Peer 1: 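Before I ask anything, let me first share the structure, which is written out below as structure tokens.
Predicted model only: the values in this text are computed from it and were never measured. Order of the sequence lines fixes the chain letters, A, B, ..., with proteins taken first and strands second; residue numbering starts at 1 for each chain.
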Protein chains: 2
Amino acid sequence: MSMDDVFRALADPTRRQLLDKLHAKNGQTLNALCAEMDMTRQAVTKHLAILEEANLVTTLRKGREKQHYLNPVPINEIAERWIGKFERHRLDALSDLKKRLERED
Amino acid sequence: MSMDDVFRALADPTRRQLLDKLHAKNGQTLNALCAEMDMTRQAVTKHLAILEEANLVTTLRKGREKQHYLNPVPINEIAERWIGKFERHRLDALSDLKKRLERED
DNA sequence: TTAATATGCAACCATTTGGTTGCATGTCAA
DNA sequence: TTGACATGCAACCAAATGGTTGCATATTAA
């Protein structure tokens, strides 16, 4: 569960897609997460194991099912590494502006 | 310069080390960045190319030298993807507390 | 002009990665 | 109890990754 694992876990688009799925609906089971994924269940299992190793996903066994939960803490720590607090507020303001402008199209 | 490139770039510890070096002192040249790196200059060049591709580093040619600058914008966008604004403030507060406690040791 | 310095390009190689298939185990429900 | 369902484990493979060496190019300074 080192920071190194977090970065490695986030490097793969499939794993980020899994995090997005959990962000949309937390506590999903393996089979649920496999839905609409263009690969085998075993491949998804491997990805989830890497996410769990990185502490980005927590699991809870419920009978024969396994629920998966997103843990946002490590992601926040990434931002803190290279962005000072005030600089971040500035960047957030910029980002907000950009989004507002995009909505006007 | 897609988000995919950003995550891939951050996945390698050597590249994160290069970002740390630039965070400590911006505008360093290739040779300067190679100092104390346990690999050949060519390897470092490749890493910097990947960081540049991801728009995490911007370069400026000065004669025969090439200066490298850190760009924090893409990193901020990572945090925004999975952390809501208010949740982030909560996480920041937690992180601050943790740091304060660590200082007391 | 010429030698030293700073960077660029390309071929090559070992290891890691992301995926597969095949089979095993554990749990629920009829 | 037995079949269906949810997940786990392991061997295998192609492609990507991170590193090397060797040589080329461009700029500065003596």
Side-chain angles (χ1 to χ4, degrees), chain A residues 1-22 25-71 74, chain B residues 1-22 25-71 74:
Chain A
M1 47 173 172
S2 74
M3 193 85 270
D4 208 281
D5 293 329
V6 176
F7 284 108
R8 197 177 79 79
L10 290 174
D12 184 86
T14 301
R15 289 193 286 271
R16 294 197 301 275
Q17 194 185 344
L18 286 169
L19 291 182
D20 283 339
K21 275 173 179 275
L22 289 179
K25 185 181 176 185
N26 220 1
Q28 291 188 70
T29 175
L30 169 61
N31 262 351
L33 289 170
C34 283
E36 297 173 23
M37 286 296 226
D38 201 21
M39 66 187 65
T40 61
R41 175 183 56 80
Q42 287 81 351
V44 176
T45 303
K46 280 192 185 179
H47 284 302
L48 286 171
I50 290 171
L51 288 170
E52 209 175 333
E53 186 83 15
N55 200 27
L56 282 163
V57 163
T58 301
T59 62
L60 186 57
R61 200 69 199 236
K62 275 278 168 71
R64 66 178 163 182
E65 293 187 343
K66 193 175 181 182
Q67 298 176 336
H68 297 77
Y69 296 89
L70 174 61
N71 176 19
Chain B
M1 47 172 172
S2 74
M3 193 83 270
D4 208 282
D5 293 329
V6 175
F7 284 108
R8 197 176 79 78
L10 290 174
D12 184 86
T14 302
R15 288 193 287 270
R16 294 198 301 276
Q17 194 185 343
L18 286 169
L19 291 181
D20 283 338
K21 276 173 177 276
L22 289 179
K25 185 181 176 186
N26 220 359
Q28 291 188 70
T29 174
L30 169 61
N31 262 351
L33 289 170
C34 283
E36 294 171 29
M37 287 296 225
D38 201 20
M39 66 187 65
T40 60
R41 175 182 55 83
Q42 287 81 352
V44 176
T45 302
K46 280 193 187 179
H47 284 302
L48 286 171
I50 290 170
L51 288 169
E52 209 176 332
E53 186 82 14
N55 200 28
L56 281 163
V57 163
T58 301
T59 61
L60 186 58
R61 200 68 200 237
K62 275 280 169 68
R64 67 179 163 183
E65 293 188 344
K66 193 176 181 182
Q67 298 177 336
H68 297 77
Y69 295 90
L70 174 62
N71 177 20

Peer 1: Rounded off to whole Å, could you give me the CG-to-P distance for the A:L60 and D:dA6 pair?
Peer 2: 17 Å
Peer 1: Check if the side chain of B:Q42 and the base of D:dG22 share a donor-acceptor pair of N or O atoms closer than 3.5 Å.
Peer 2: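 Answer yes: a donor N or O sits under 3.5 Å from an acceptor.
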Peer 1: Between B:T45 and A:I50, which is nearer to the 5' end of DNA chain C once each is assigned its nearest nucleotide?
Peer 2: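 Looking at the nearest nucleotide for each, B:T45 comes out on the 5' side.
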Peer 1: Report yes if at least one side-chain N or O of B:T14 is closer than 4.0 Å to OP1 or OP2 of D:dG19; otherwise report no.
Peer 2: yes
Peer 1: Any side-chain N or O of A:K46 under 4.0 Å from OP1/OP2 of D:dC9?
Peer 2: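 Checking A:K46 against D:dC9: no side-chain N or O falls below 4.0 Å of OP1 or OP2.
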Peer 1: Please determine whether a side-chain nitrogen or oxygen atom of B:N31 lies at a distance below 4.0 Å from atom OP1 or OP2 of C:dT7.
Peer 2: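 Yes, such a contact exists.
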Peer 1: With a 3.5 Å distance limit and no angle check, can you tell me whether B:R16 reaches the backbone of B:L10 through a side-chain donor-acceptor pair?
Peer 2: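 Yes; at least one donor-acceptor contact below 3.5 Å.
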Peer 1: Return the value, rounded to whole Å, for the distance between atom CG of B:L10 and atom P of D:dT17.
Peer 2: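 For the pair B:L10 CG and D:dT17 P, the rounded distance is 14 Å.
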Peer 1: Could you tell me how far apart A:M37 (CE) and C:dG18 (P) are, to the nearest whole angstrom?
Peer 2: 13 Å
Peer 1: Quick check on C:dA6: is either OP1 or OP2 less than 4.0 Å from any side-chain nitrogen or oxygen of B:R61?
Peer 2: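 Looking at the OP1 and OP2 atoms of C:dA6, neither is under 4.0 Å from any side-chain N or O of B:R61.
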Peer 1: If you measure only the distance, is there a donor-acceptor pair under 3.5 Å linking the side chains of A:E52 and A:T59?
Peer 2: yes
Peer 1: Using a cut-off of strictly less than 4.0 Å, decide whether B:K62 has a side-chain nitrogen or oxygen near OP1 or OP2 of C:dA6.
Peer 2: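 Checking B:K62 against C:dA6: no side-chain N or O falls below 4.0 Å of OP1 or OP2.
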Peer 1: Give a yes or no answer on whether the side chain of A:N71 reaches the backbone of A:N55 with a donor-acceptor pair at less than 3.5 Å.
Peer 2: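 Answer holds: yes.
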Peer 1: Find the distance B:Q67:CD to D:dT27:P and express it as a whole number of Å.
Peer 2: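 To the nearest whole Å, that distance equals 15 Å.
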Peer 1: In whole angstroms, how far is the P atom of D:dT21 from the CE atom of B:M39?
Peer 2: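 One finds 13 Å between P of D:dT21 and CE of B:M39, rounded.
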Peer 1: For D:dG19, does OP1 or OP2 lie under 4.0 Å from any side-chain N or O of B:T40?
Peer 2: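 Answer no for this pair, as no side-chain N or O of B:T40 is under 4.0 Å from OP1 or OP2.
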Peer 1: If you check the A:A43 side chain, which of C:dT17, C:dT20, D:dT20 turns out closest?
Peer 2: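 Given the options C:dT17, C:dT20, D:dT20, the side chain of A:A43 is closest to C:dT20.
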Peer 1: Between C:dC9 atom C1' and B:L30 atom CG, what is the distance in whole Å?
Peer 2: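 So the CG-C1' distance, B:L30 to C:dC9, works out to 14 Å.
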Peer 1: Please confirm whether the backbone N or O of B:L70 pairs with a side-chain atom of B:N26, one donor and one acceptor, at under 3.5 Å?
Peer 2: yes
Peer 1: Roughly how many Å is it from CG in A:D4 to P in C:dT16, rounded to a whole number?
Peer 2: 13 Å
Peer 1: Rounded to whole Å, how long is the line connecting atom CD of A:Q17 with atom P of C:dG18?
Peer 2: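 It works out to 14 Å between those atoms.
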Peer 1: State whether the distance check finds a donor on one side and an acceptor on the other, under 3.5 Å, for side chain A:R64 versus base D:dT7.
Peer 2: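 Side chain to base: no pair below 3.5 Å.
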Peer 1: Which residue lies toward the 5' end of DNA chain D, B:R41 or B:H47, if each is placed at its nearest nucleotide?
Peer 2: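 Closest to the 5' end, via its nearest nucleotide, is B:H47.
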Peer 1: When you look at A:K21 and A:H68, which way does the side chain to side chain contact (heavy atoms under 4.5 Å, CB included) test go after all the steps?
Peer 2: CA-CA 10 Å; A:K21 275 173 179 275; A:H68 297 77; over 6 Å; no
